[in-house]
Each structure stands twice: as C-alpha cells, then as structure tokens.
Participant: 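Quick one: the structure is below, and I'll ask about it shortly.
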Amino acid sequence: MENTESMNPKKFTRILVGVDDSPDAQLAFRYAMNRAKFDGAELVICSVLESDNMNIYQALSKDYVHGQRAELQAHLQKYQDLAQRFGISEVRYVIGEGDPGETIVKNIIPDVKPDLLVVGSLSQKGVRKYFGSQAAYMAKYSPVSVMIVR
C-alpha cells in the first residue's frame with residue numbers, strides 16, 4: 001500500500017480569486033475563501049477595470065477613471081472585510097486595468113505569484129462569447145492551477 005501522505009491533495013499557500021458582479025464570481029469567492037481557510041493560505045482578491053466598457057470621453061477623463069477605480073476599490077474592500085471576518089488572516093486585493101483574462105494572466109499572476117487562480121465561469125454576452133470566455137482564456141494560458149467555479 002502506498003504512503004497515505006501522497007494521497008493528500010495539494011495544499012495552496014497563496015490563492016488569487018477574480019471577482020466581478022456575476023453570480024459565478026460570488027461562488028468563486030466563496031470557494032476561494034473556504035479553500036484559503038482550510039489551507040491556511042493567503043487570499044488575494046482581484047478585479048479588473050475594463051476600459052472596453054467606457055466610451056472614449058469616459059476613458060479620457062481622469063476623473064471618470066479615478067471614480068471607477070475608487071468604486072471598485074470600495075467594492076474589493078467589502079470582499080476583504082468579509083474574508084477577514086470569515087477567519088482568513090492574510091487578505092489583500094489588487095486592481096488591474098484592461099481585458100480581464102489577459103490582465104490577470106500577464107500582469108496580476110506574475111506580480112502576485114499565487115499557486116491557485118479561482119474564477120467564475122464568467123459567461124460572456126454578445127459577440128465575445130463566440131471567441132471563448134475569459135475563464136477559458138485564463139485556464140489555457142495561466143502558469144498556475146486554475147479552478148473554474150460555476
């Protein structure tokens with residue numbers, strides 16, 4: 001019989017969870033919190049300010065972008081408070097800018113150095129759904145393990 005130690009699932013030390021307003025992201029956040037608490041891992045909450053959703057005048061307005069960023073920061077602060085109340089001692093958040101999948105894979109993961117990325121399945125609307133979801137992009141190109149929650 002094999003050593004039972006080798007049967008244990010991998011323990012994570014730093015979990016990165018991507019959040020937005022989708023119900024899937026709420027589930028991903030709950031999964032990430034439970035996993036972080038169980039593993040005694042640091043939890044890093046991230047969200048991306050999408051410039052695609054702004055019109056040209058909004059994108060050029062520093063006040064508008066600053067307002068959007070401040071709103072996102074307040075939103076992430078709520079997630080951070082919730083995770084701390086849940087009993088996770090090491091919690092922080094980061095904000096990226098641009099396309100969510102690309103920004104998380106190319107900028108946030110190299111900066112944060114997590115060993116697990118947790119995201120919702122983030123269904124896309126309109127034409128973009130035909131090019132695959134953000135989650136599929138992250139699962140394909142992420143240098144670390146990815147858990148897609150739905």
Participant: Treating Glu50 as the side-chain partner and Asp99 as the backbone partner, does any N or O pair qualify as donor plus acceptor under 3.5 Å?
Facilitator: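 The answer is no, because no donor-acceptor pair under 3.5 Å joins these two groups.
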
Participant: Who are the salt bridge (charged side-chain N to carboxylate O under 4.0 Å, His left out) partners of Glu102, not counting sequence neighbours?
Facilitator: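 Testing Glu102 for salt bridge (charged side-chain N to carboxylate O under 4.0 Å, His left out), a comparison that skips the adjacent residues, returns Lys106.
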
Participant: Could you give the distance from CZ (Arg85) to CD (Gln80), rounded to the nearest 0.5 Å?
Facilitator: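 Going from CZ on Arg85 over to CD on Gln80, the span is 11.5 Å.
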
Participant: In Å and rounded to the nearest 0.5 Å, what is the CD to CG distance from Gln84 to Leu82?
Facilitator: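 Nearest 0.5 Å value for the CD-CG distance: 10.0 Å.
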
Participant: Show the nearest heavy-atom pair for residues Val144 and Pro114, with the distance to one decimal.
Facilitator: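 That would be CG1-O, 3.1 Å.
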
Participant: Check whether any side-chain heavy atom of Ser145 sits under 4.5 Å from a side-chain heavy atom of Leu117, and report yes or no.
Facilitator: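 They are not in side-chain contact.
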
Participant: With a 4.5 Å cut-off on side-chain heavy atoms, are Val149 and Asp24 touching?
Facilitator: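 A side-chain contact under 4.5 Å is absent here.
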
Participant: Looking at residues at least two apart in the chain, or sitting in another chain, which of them share a side chain to side chain donor-acceptor pair (under 3.5 Å) with Asp115?
Facilitator: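 For Asp115 the side chain to side chain donor-acceptor pair (under 3.5 Å) partners, ignoring immediate neighbours, are Thr13.
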
Participant: Taking salt bridge (charged side-chain N to carboxylate O under 4.0 Å, His left out) as the definition, give me every residue that meets it alongside Lys113, ordered by chain and number, with sequence neighbours left out.
Facilitator: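 Applying salt bridge (charged side-chain N to carboxylate O under 4.0 Å, His left out) to Lys113 gives none.
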
Participant: Is there side-chain contact between Leu16 and Val118, with heavy atoms separated by less than 4.5 Å?
Facilitator: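 Result no, sub-4.5 Å side-chain heavy-atom pair not found.
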
Participant: For Met33 and Ile88, which heavy atoms make the closest approach, and how far apart are they?
Facilitator: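 Between these two residues, the closest heavy atoms are O-CD1, 3.4 Å.
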
Participant: Name each donor-acceptor pair under 3.5 Å that joins a side chain in residues 37-48 to protein atoms two or more places apart or in another chain, with its distance.
Facilitator:
from  : atom 1 : to    : atom 2 : distance (Å)
Lys37 : NZ     : Phe86 : O      : 2.9
Asp39 : OD1    : Arg35 : NE     : 3.4
Asp39 : OD2    : Phe12 : N      : 2.8
Asp39 : OD2    : Arg35 : NE     : 3.0
Asp39 : OD2    : Arg35 : NH2    : 3.2
Glu42 : OE1    : Arg14 : NE     : 2.7
Glu42 : OE1    : Arg14 : NH2    : 3.4
Glu42 : OE2    : Arg92 : NE     : 2.6
Ser47 : OG     : Val19 : O      : 2.8

Participant: When rounded to the nearest 0.5 angstrom, what is the spacing between CG in Leu76 and CD in Gln73?
Facilitator: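 Atom-to-atom, Leu76:CG and Gln73:CD are 8.0 Å apart.
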
Participant: Might you point out which heavy atoms bring Asp20 and Ala25 nearest each other, and give the distance in Å?
Facilitator: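 Reported closest heavy-atom pair: OD1-CB, 3.1 Å.
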
Participant: Check ring-ring contact (aromatic ring centres under 6.0 Å, His included) between Tyr79 and all other residues, then give those that pass, not counting sequence neighbours.
Facilitator: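 Checked Tyr79 against ring-ring contact (aromatic ring centres under 6.0 Å, His included); matches are Phe29, His75.
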
Participant: Can you see which heavy atom on Ala135 is nearest to which on Ser121, and at what distance?
Facilitator: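 Between these two residues, the closest heavy atoms are CB-O, 3.8 Å.
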
Participant: Taking atom CD1 of Ile104 and atom OH of Tyr141, what is their separation to the nearest 0.5 Å?
Facilitator: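 OH of Tyr141 is found 16.0 Å from CD1 of Ile104.
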
Participant: Minimum heavy-atom separation for Gly120 to Ala28, with atom names?
Facilitator: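 Smallest interatomic distance, heavy atoms only, reads N-CB, 3.5 Å.
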
Participant: If a pair satisfies salt bridge (Lys or Arg N to Asp or Glu O under 4.0 Å) and one of its residues is in residues 64-75, list it, with sequence neighbours excluded.
Facilitator: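 Matches after skipping sequence neighbours: Arg69-Glu97.
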
Participant: Testing the basics here: between Ala139 and Val146, what is the closest heavy-atom pair and its distance to 0.1 Å?
Facilitator: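 Shortest heavy-atom contact: CA-CG2, 4.0 Å.
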
Participant: Are the side chains of Val94 and Asp111 in touch, meaning some heavy atoms are under 4.5 Å apart?
Facilitator: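 When only atoms from C-beta onward are counted, Asp111 and Val94 do not touch, as no gap falls below 4.5 Å.
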
